[in-house]
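In listed order, ligands and their atoms are each counted from 1. Predicted, not measured: the structure shown is a model, and the values here were computed from it.
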Amino acid sequence: MTLVDPALLRQTADLAIQHLATLESRPVGARRNVSELSVALAGSLPEAGVAPEQVIDDLARDLDDGLVASPGPRYFGFVTGGALPAALAADWLAAAWDQNGFNAVTSPAAAAVEAVAVEWLRALLGLPADASVGLTTGGQMANVTALAAARHAVLGRVGWDVGERGLIGAPPVRVLAGAEAHVTVGQALRLLGLGSGTVVEVEADGQGRMRADVLARALAGGEGPAIVCAQAGNVDSGAFDSLVDVIAAARTHGAWVHVDGAFGLWAAASPILAPLVAGAEGADSWATDAHKWLNVPYDCGVVAVVDATVHRAAMAMQAAYLVRTGEDERSNGDWVPEASRRARGLAVYAALRSLGSTGVAALVERCCALARRMAAALEPEPAIAVLNDIVLNQVLVRIGDDDAATEATVAAVQRDGTCWLGGTRWQGRAAMRISVSNWATTDDDVDRSADAIRAAARAAAGRPPSEAGRP
Ligand SMILES: Cc1ncc(COP(=O)(O)O)c(C=O)c1O
């Protein structure tokens, strides 16, 4: 038995490289569905093991048609970053080193690299110098972590230790969020026992921005511990709540302000786009993703909390066997819900170091410029209407002012394979979402994709409405 099998790892690297080389040319969507793929993989667990080379070869072959070229340059679905070369390579090291990123005892290397990476993130994102930062699995858990700290803080202020006593019998906590808050905020509130159905939903404007005047009135209409969930970057339109006004309203009423900036917070890294997040540094907690706009491989989110004591009180755990090296040394596990976990700081460090601060700004600005290019290419087409102000990297379009035509266009573009994008409902009507979030996307990628979208839209809008939804 050898600990290292160089031939297997080289074979795997070759397979990975071959796949990456196809990203620009393969159909962007998958060619087989789950049931079809499962047929090749399924069967009962063999009694005798299969040689590792065979396992890897079979996996690569049997799953190839089910791979989505989402790290490629013409994937515009959801809000999806690719993987920067340095980040991908560092992530390979993370797997090979297999460090437990929990704390400085389980891996001094994982703790050290995360300590540096979060320092860089703090500066890039314009967060207060003493904010504590953790690396979560993604934006969802960043929201959970931040709102756990919020819950701890606002209840602590009225003398209730939620960590010790839980929520049964606790003073009620009012949570206020924009009507366009991301679904993961509601999920976080459910997980934290605050409930999503009790949220005071604050009216949003036509771009999806929470109305600060309505928020101020809602805050004035109640009392007790309160948390305001603001948003930097609406998942559909990319719009930003006016953080200055939202935070001012919240401060008047002593509310905690959480900013969900899963991708929008990255605007802070660009001197040109930073005005969009003006005032963000005055919030109490922030959530963003590195696997979106920083283009590190899945999975990596970022949570920051203004008060490290509260953050740690909400997340850290103690046990006799969980020794620490000292209070000054970073303990990654103090800032996230998980204990054992991968050393995801490696990919963040590598991404940031390979880009530098100007490179991060350029990446974000380039995606926004490409989103504007996409909108400009689509808008002249009579069948297409652009629904949102392109303030960031998101473009929302509607075809033939018709739900069925819009849905048919989304389906046709997905089938065509030049690019991939998804649908949504925007203010009650079907819309197509285009999110430009990949470091590798070029003008040519956008132009080719716009051609494919225009052709699909023409075909869908040209049909009688009753037929528009049919394949
Ligand atoms: C505004 C916002 N918040 C939270 C999330 C959730 O992030 P994740 O999918 O990384 O959990 C997203 C994802 O798109 C988002 O756009």
Side-chain angles (χ1 to χ4, degrees), residues 68 70-71 75-83 87 121 125 134-148 150 177-192 196 199 204 207-210 228-241 243 246 257-268 276-277 280 283 285-304 336-338 341-342 344 347-348 351 364 367-368 371 388 391-396 420-426 431 433-438:
V68 176
S70 47
Y75 186 85
F76 304 112
F78 308 98
V79 181
T80 303
L121 285 173
L125 298 173
L135 297 184
T136 59
T137 47
Q140 169 70 82
M141 288 316 287
N143 279 330
V144 168
T145 308
L147 290 170
E180 282 285 338
H182 193 260
V183 61
T184 54
V185 170
Q187 172 74 341
L189 295 169
R190 276 194 292 281
L191 289 173
L192 292 167
S196 57
V199 171
Q207 296 296 317
R209 297 171 291 222
M210 168 160 54
V228 171
C229 300
Q231 181 165 258
N234 177 286
V235 72
D236 286 328
S237 70
F240 292 71
D241 292 350
L243 296 176
V246 165
V257 182
H258 170 60
V259 177
D260 176 8
F263 57 102
L265 205 56
W266 289 97
L276 291 168
V277 281
S285 60
W286 304 262
T288 191
D289 263 321
H291 61 215
K292 290 191 169 68
W293 233 343
L294 186 58
N295 279 253
V296 306
Y298 289 102
D299 43 26
C300 189
V302 182
V303 59
V336 293
E338 305 140 338
R341 63 187 189 84
R342 69 191 278 104
R344 54 176 72 95
V348 175
V364 173
C367 289
C368 296
N388 64 321
V391 295
L392 202 67
N393 61 333
Q394 305 288 120
V395 185
L396 279 179
W420 200 97
L421 38 72
T424 188
R425 290 198 77 77
W426 181 246
R433 308 176 62 257
I434 303 165
S435 175
V436 189
S437 313
N438 191 299

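- Rounded to the nearest 0.5 Å, atoms CD (Gln207) and CG (Asp236) are 11.5 Å apart.
- Taking all atoms of both residues into account, the shortest heavy-atom contact from Thr137 to Asp299 is O-CB, 3.1 Å.
- With respect to atom 13 (C) of ligand 1, the closest heavy atom belonging to the protein is Lys292 NZ, 3.0 Å.
- Atom numbering of ligand 1 starts at 1 in the shown order; those under 4.0 Å from a heavy atom of Gln140 are 6 (C), 7 (O), 8 (P), 11 (O).
- The shortest distance between side-chain heavy atoms of Trp286 and Leu265 falls below 4.5 Å.
- No heavy atom of Met141 sits closer than 4.0 Å to any atom of ligand 1.
- For ligand 1 and His291, the ligand atoms under 4.0 Å from any heavy atom of the residue are 10 (O).
- Residue Leu421 holds its CG atom at 5.5 Å from CD1 of Ile434, rounded to the nearest 0.5 Å.
- By the 4.5 Å heavy-atom criterion applied to side chains, His258 and Asn143 are counted as neighbours.
- With ligand atoms numbered from 1 in the order given, ligand 1 contributes 16 (O) to contacts under 4.0 Å with heavy atoms of Phe263.
- Near Val235, meaning under 4.0 Å from any of its heavy atoms, are these atoms of ligand 1: 14 (O), 16 (O).
- Within ligand 1, the atoms closer than 4.0 Å to a non-hydrogen atom of Thr184 are 3 (N), 4 (C), 5 (C), 6 (C), numbered from 1 in the order shown.
- Checking Asp260, Val144, Asn234, Asp289 against atom 10 (O) of ligand 1, the nearest heavy atom belongs to Asp289.
- Residue Ala142 comes nearest to Ala287 through the heavy atom pair CB-CB, 3.6 Å, listed as atom of the first residue, atom of the second, then distance.
- Within the 4.5 Å cutoff, the side chain of Cys367 has heavy atoms near those of the Trp293 side chain.
- With a 4.5 Å cut-off on side-chain heavy atoms, Val302 and Leu135 count as touching.
- Considering backbone and side-chain atoms together, Asn143 places no N or O closer than 3.5 Å to any N or O of ligand 1.
- Remark: the Trp426 side chain and the Ser237 side chain contain no N/O donor-acceptor pair separated by less than 3.5 Å.
- Every atom of ligand 1 with a heavy atom of Gly139 under 4.0 Å away is listed here by number and element: 7 (O), 8 (P), 10 (O), 11 (O).
- The N/O atoms of Gln231, backbone and side chain alike, include none that comes under 3.5 Å of an N/O atom in ligand 1.
- Remark: ligand 1 atoms within the under-4.0 Å shell around heavy atoms of Gly233 are 1 (C).
- In terms of protein heavy atoms, atom 5 (C) of ligand 1 is closest to His182 CE1, 3.3 Å.
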